[in-house]
Amino acid sequence: MVVIGDIHGQYAKMTAILRGAGLIDAAGHWSGGATTLWFMGDYFDRGPDGIAAIDLIRALQGEAAAAGGRVGALLGNHDVLILAAQRFGDQPSGGPGGTFLTSWRHNGGVESDLARLDEARAAWLRALPAMARDGDWLLAHADATFYQVYGRTIGAVNRGIRAILHDDNAADWDLLLDYFSQRRAFQDEERGPARVARFLSLYGGRRFVHGHTPIGKLNGRRPEAVTAAHVYAGGLAVDVDAGLYLGGPGFVTILSDNGAGGRSHDQAGGE
Ligand SMILES: [Mn+2]
């Protein structure tokens with residue numbers, strides 16, 4: 001399994017990283033064969049072209065499936081933010097802008113993304129899973145435990161959050177966005193490992209991989225110097241958010257049952 005962290009509209013970096021990993025060809029088509037590739041959520045905001053990012057992911061999902069591979073995509077908080085801006089607009093929100101639209105803008109919303117978010121794209125976003133399990137790995141966008149509010153199994157979490165995204169209850173959306181802004185739940189050196197272990201014992205998996213918090217904010221590195229995943233919490237947690245919008249070059253991470261491996265695609269065999 002291969003994972004790539006938060007894209008945030010950085011389509012050019014995204015395609016360069018995927019090409020470098022051998023997962024797409026020069027024309028942008030799937031060349032990953034039977035590989036499983038996961039996107040960790042947050043396709044929009046803070047970068048120029050989130051729509052191009054999700055259009056590519058949607059195309060790759062079909063191409064990978066036809067080649068015996070798989071492309072998965074998780075739901076991130078910025079994907080909820082743009083859906084909320086579209087659905088509720090000027091209605092009041094507890095977010096930083098006071099309305100759903102201004103809160104999205106405050107979080108780096110790009111007007112051309114909202115203008116091009118048609119029903120097919122919005123429907124795809126609303127259906128994304130918030131959580132997934134792949135072999136030994138539990139995957140979710142955020143390094144946060146609020147997922148437990150929505151369900152005690154992966155399926156229940158995904159159904160619970162999906163139901164909110166298909167309903168017009170602004171308070172439920174607001175609360176979801178508030179929860180989804182939480183981060184660093186597993187960073188504490190003493191308590192972090194036990195917290196991850198508890199999270200894993202609830203949902204399954206032996207290790208947890210997430211995006212959401214740029215790696216430099218966990219390990220203090222400059223964004224430009226972040227070139228690999230950050231393994232922490234006694235090896236139980238892995239952050240793959242390269243901080244593309246902060247200037248990070250980005251990377252893919254190979255996840256095997258033995259842990260978070262190197263960045264070269266030829267280690268990706270056997271997924
Ligand atoms: Mn996020």
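Because only heavy atoms are used, hydrogens play no part in the values below, and waters and symmetry mates are left out as well, while side chains stay in.
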Salt-bridge present (Asp25, Arg19; N to O < 4.0 Å): no
Ion pair check, Glu63 and Arg58, cut-off under 4.0 Å: no
Side chain to side chain contact (heavy atoms under 4.5 Å, CB included) partner of Val80, the single match among Ile161, Leu176, Leu128: Leu176
Do the side chains of [X] and [Y] join up, straight or via other hydrophobic residues, at under 4.5 Å, putting them in one cluster?
X      : Y      : answer
Leu246 : Leu218 : no
Val110 : Leu244 : no
Trp104 : Leu175 : yes

His8/Asp45 under side chain to side chain donor-acceptor pair (under 3.5 Å): CA gap, chis, key distance, verdict: CA-CA 5 Å; His8 280 306; Asp45 307 344; 5.8 Å; no
With no hydrogens and no angle check, is any side-chain donor or acceptor of [X] less than 3.5 Å from a backbone partner on [Y]?
X      : Y      : result
Arg87  : Leu165 : yes
Lys217 : Gly243 : no
Asp239 : His230 : no
Glu224 : Pro249 : no
Thr36  : Arg70  : no
Trp173 : Ile164 : yes

Residues which pass side-chain contact (heavy atoms from CB on, under 4.5 Å) with Asp178, listed by chain and number, not counting sequence neighbours: Ser181
Result of checking His141, Arg184, Gln182 against His212 for side-chain hydrogen bond (donor to acceptor under 3.5 Å, both in side chains):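 Exactly one candidate clears the test, His141.
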Whether Phe199 and Tyr203 hold their rings parallel, tilted or perpendicular, with breakpoints at 30° and 60°: perpendicular
Geometric class of the Phe88/Phe100 ring pair [parallel <30°, tilted 30-60°, perpendicular >60°]: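 Tilted.
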Nearest 0.5 angstrom please: [X] [atom1] to [Y] [atom2], how far?
X      : Y      : atom1 : atom2 : answer
Ile82  : Phe44  : CD1   : CZ    : 4.5 Å
Arg133 : Thr153 : CZ    : OG1   : 12.5 Å
Asn107 : His78  : CG    : NE2   : 5.0 Å

Trace of the salt bridge (charged side-chain N to carboxylate O under 4.0 Å, His left out) decision for Arg116 with Asp49: CA-CA 10 Å; Arg116 290 180 292 160; Asp49 204 341; 2.9 Å; yes
Polar side chain donor-acceptor pair, Asp174 to Ser93, under 3.5 angstrom: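 Note: Asp174 and Ser93 side chains meet the donor-acceptor criterion.
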Trp124 side chain to Gln61 side chain, donor-acceptor N/O pair below 3.5 angstrom: yes
Glu189 atom CD, neighbour heavy-atom count above 12 within 6.0 Å: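 Count not over threshold, so no.
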Over 12 foreign heavy atoms within 6.0 Å of CZ, Arg105: yes
Pi-cation contact, Tyr245 with Arg46 (under 6.0 Å, within 45°): yes
Steps toward salt bridge (charged side-chain N to carboxylate O under 4.0 Å, His left out) verdict (Glu119, Arg126): CA-CA 10 Å; Glu119 179 48 29; Arg126 286 193 297 265; 2.6 Å; yes
Within the 6.0 Å centroid threshold, strictly below: Tyr232 and Phe186: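 No.
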